[in-house]
Peer 1: 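Following this message is one structure expressed as structure tokens.
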Amino acid sequence: MILGFTGTHKGMTPAQKAGVGRFMRRFDGIDFHHGKCIGADYEAWQIAQDHFFITFAHPSNILRTQAATYDKWTAKPLPPLARNKSLVATIDVLLATPKEYKEQLRSGTWMTIRAARKRNIQVIIIFPDGTKREEEANI
């Protein structure tokens with residue numbers, strides 16, 4: 001399984017961090033793809049390190065938003081929305097931690113969720129209060 005991650009540059013809530021940790025604990029040592037962004041991507045990357053995940057970065061071309069992560073592989077930087085689509089094209093499951101409870105139109109996190117749904121990829125959303133919604137892929 002290849003796990004992808006998306007979340008807000010403002011970071012995760014403590015409840016989201018705990019939920020991400022619980023989810024990742026089930027899969028020690030798998031491939032983990034992230035957007036290499038400050039905030040939630042960096043926090044998830046740190047949790048992935050605790051679980052010995054092999055990490056792969058998909059950075060945006062906006063240098064000030066890039067987090068200092070050390071990964072097995074780093075993709076060519078792309079504009080944020082293209083980067084998100086590139087990340088989705090490489091994964092089997094998307095783990096998302098949006099800052100909102102309802103889908104937003106002008107949100108990179110929600111855009112990535114929509115892209116995963118369109119590609120028929122399983123999506124797990126952990127909301128700010130830690131509640132989780134799993135959307136199965138329709139294979």
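The residues of the chain are indexed from 1 along the displayed sequence.
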Peer 1: How close do T55 and A48 get, heavy atom to heavy atom, and via which atoms?
Peer 2: CG2-CB, 4.2 Å
Peer 1: Short question: side chain of Q16, backbone of I126 - any donor-acceptor pair under 3.5 Å?
Peer 2: yes
Peer 1: Between P128 and A15, what is the shortest heavy-atom contact and its length?
Peer 2: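 Closest approach of P128 to A15, heavy atoms only: O-CB, 3.5 Å.
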Peer 1: Check whether any side-chain heavy atom of Y70 lies under 4.5 Å from a side-chain heavy atom of W45, and answer yes or no.
Peer 2: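 Yes - at least one pair of side-chain heavy atoms lies under 4.5 Å apart.
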Peer 1: Does the S86 side chain pair with the main chain of A82, one donor and one acceptor, at a distance under 3.5 Å?
Peer 2: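 No; zero donor-acceptor contacts below 3.5 Å.
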Peer 1: Within this structure, what is the CD1-OH distance for the pair I47 and Y42, rounded to the nearest 0.5 Å?
Peer 2: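 Going from CD1 on I47 over to OH on Y42, the span is 11.5 Å.
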Peer 1: To the nearest 0.5 Å, what is the distance between CG (L94) and NE2 (H33)?
Peer 2: 12.0 Å
Peer 1: At their closest point, which heavy atom of P80 faces which heavy atom of I62, and how far apart are they?
Peer 2: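 Heavy-atom minimum between the residues: CG-CD1, 3.7 Å.
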Peer 1: Please check if V20 and M1 belong to a single hydrophobic cluster, counting links between Ile, Leu, Val, Met, Phe, Trp and Tyr side chain heavy atoms closer than 4.5 Å.
Peer 2: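 Yes, it is one cluster - the side chains of V20 and M1 are joined through contacts under 4.5 Å.
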Peer 1: Could you check whether any side-chain heavy atom of W73 comes within less than 4.5 Å of a side-chain heavy atom of I54, counting everything from C-beta outward?
Peer 2: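 W73 vs I54: side chains apart.
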Peer 1: If you look at every heavy atom in T97 and A40, which pair is closest and at what distance?
Peer 2: OG1-CB, 3.9 Å
Peer 1: Tell me, do T90 and H58 make a side-chain contact under 4.5 Å, heavy atoms counted?
Peer 2: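 Yes, close enough: below the 4.5 Å cut-off.
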Peer 1: Can you give me the closest heavy-atom contact between G35 and R83, atom names plus distance?
Peer 2: O-NH1, 2.7 Å
Peer 1: Is a side-chain donor or acceptor of T69 paired with a backbone partner of D71 at a separation under 3.5 angstrom?
Peer 2: no
Peer 1: Drop me the distance from H51's NE2 to M24's CE, to the nearest 0.5 angstrom.
Peer 2: 7.0 Å
Peer 1: To the nearest 0.5 angstrom, please state how far the CG atom of D41 sits from the NE2 atom of H34.
Peer 2: 7.0 Å
Peer 1: Does Q66 use its side chain to pair, donor to acceptor, with the backbone of S60 at less than 3.5 Å?
Peer 2: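 Answer holds: yes.
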Peer 1: So, taking the atom named CD1 in I91 and the one named CD1 in I121, what distance separates them when rounded to the nearest 0.5 Å?
Peer 2: 5.0 Å
Peer 1: Might you point out which heavy atoms bring M12 and A44 nearest each other, and give the distance in Å?
Peer 2: CE-N, 3.6 Å
Peer 1: Decide yes or no for I113 and E103: does some side-chain heavy atom of the first lie under 4.5 Å from some side-chain heavy atom of the second?
Peer 2: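 No, every pair of side-chain atoms sits at 4.5 Å or beyond.
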Peer 1: Mind checking whether I125 and W110 have side chains closer than 4.5 Å, heavy atoms only?
Peer 2: yes
Peer 1: Quick one, L95 and F23 - any side-chain contact, counting heavy atoms below 4.5 Å?
Peer 2: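 When only atoms from C-beta onward are counted, F23 and L95 do touch, with a gap below 4.5 Å.
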Peer 1: So, the side chain of K36 versus the backbone of A67: is there a donor-acceptor pair under 3.5 Å, distance only?
Peer 2: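 Pair found, side chain donor or acceptor close to backbone of A67.
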Peer 1: What is the distance from atom CD of Q104 to atom CZ of R114, rounded to the nearest 0.5 Å?
Peer 2: 9.0 Å
Peer 1: If you group Ile, Leu, Val, Met, Phe, Trp and Tyr by side-chain heavy-atom gaps below 4.5 Å, do F5 and I2 land in one group?
Peer 2: no
